[in-house]
Amino acid sequence: MAAGPISNSARWTSDPNNYLVQEFDDTFFVFFRPSGETHFLNFLSHGVLDLVSSKDVGVADIGTEMRVRFGVSETELPDSLIKQTIEQLDETGLIEPVGSQ
Amino acid sequence: MTLRALKSFDRRDLHKALKQGSFTLQLGPFSHLISGSSPALLDFLQDTYRDYSVEMSPSDVTEVLLNIRAPNLFRRFIRPQIMPDPGFDVPAVPLPKRMAPLAYEMGMNLSIALKCCRFVNIHAGVVADDHGAILMSAASGSGKSTLTAAMMQHGYRLFSDEFALLGLDEPLVHPYPRPISLKQETIPIVRELVGADWLSKTVSGTPKGDIAYYRARPEDLARAHVPAPVKLILFPKFETGANPFAQRLNPAEAIIRLVPASTNYSLLGEEAYKTLASLVENASAFELTYGTTEQSIDLVKQLTASH
């Protein structure tokens with residue numbers, strides 16, 4: 001988990017072997033092995049998790065890739081919402097800052 | 001192992017086995033070793049469990065170990081009380097001795113809910129016909145027990161009024177047909193439905209109000225080893241004066257309701273996750289709102305006809 005506020009320079013990562021995902025109508029039912037907890041993610045949270053599971057990415061690049069993936073503008077999907085989503089995923093442990101271990 | 005119907009044993013032998021802790025009840029996938037010396041417990045077992053299979057020697061493996069005992073020496077003699085002791089700490093309130101049936105059923109429920117790890121346990125009523133099982137998950141007071149009893153009158157066999165036991169490596173629910181617990185105003189409704197002979201004596205003034213039990217039928221017990229796939233998941237909701245309505249739920253909505261209804265989801269972790277994901281993928285889910293038992297039966301019949 002990140003220490004303090006999310007910084008724009010931080011890069012994020014996730015190990016896809018740590019979790020299981022089942023999609024049900026735009027809701028993603030996720031089991032996180034290290035904590036044994038289950039999470040329900042919306043399409044944006046899952047999109048971020050999916051992206052950082054394939055490569056280490058910073059906030060700005062996550063925002064850009066999410067806007068392309070979902071075909072929305074920066075007004076509709078601002079970086080502030082991306083940061084909020086990252087914070088929530090970080091709290092669950094599903095994603096973590098690169099170099100945190 | 002010699003299993004016999006409980007009613008074939010004489011009372012003295014039953015009393016002795018309960019007192020010695022050698023009374024073993026076999027039901028569905030579980031073996032239960034029961035002990036206690038309360039006459040009220042013996043009366044209850046001889047009446048409500050008369051058709052269940054028991055033996056008078058401990059099994060090699062016993063999943064449930066339940067002692068119905070006084071909370072302390074003092075309460076064995078002065079204003080006697082009893083409480084269920086399942087072998088681990090539970091928040092059980094001591095009850096007057098005459099409420100032994102309630103202490104026993106509570107103890108059985110706690111044992112399965114908190115210690116059974118061979119199945120994913122969902123707090124639900126379950127009935128089945130030849131096409132599959134119907135799982136009915138609801139909070140207390142939602143009409144689950146009345147609906148379960150009514151479904152039995154319409155040709156369904158009883159799996160359970162308390163637990164859907166979902167296999168971990170197979171998409172099946174396993175029967176566990178204990179008596180149906182009826183509270184307060186549901187007692188006369190079910191008595192009217194099934195006949196007074198099928199109900200236990202009412203235990204009055206319990207912390208849950210008046211309680212009676214609807215015995216499982218011999219045919220339910222005879223098939224207590226035959227699991228079934230779940231075809232319908234229902235979330236019944238009784239509301240006085242409500243218009244009957246069935247609202248289809250998508251799998252995500254169903255699973256969000258089922259996870260908190262499971263008593264051992266967190267304990268089982270990944271296996272429970274996979275089991276529930278498979279369950280909602282293979283069954284249709286609905287929220288049922290109704291104002292009378294007849295309306296609930298009509299709704300279920302419509303749903304079973306179309307699924």
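Proteins get letters first, then strands, A, B, ... in listed order; numbering begins at 1 in each. No experiment lies behind these values; they were computed from the predicted model shown.
- Within the 4.5 angstrom heavy-atom criterion, no atom of B:L268 approaches chain A.
- With rounding to the nearest 0.5 angstrom, the CD atom of A:Q22 is 4.5 Å from the CD atom of B:E281.
- Proximity to chain B among residues 24-55 of chain A is limited to A:F24, A:D25, A:T27, A:F29, A:V30, A:F31, A:R33, A:T38, A:F40, judged by heavy-atom separations below 4.5 angstrom.
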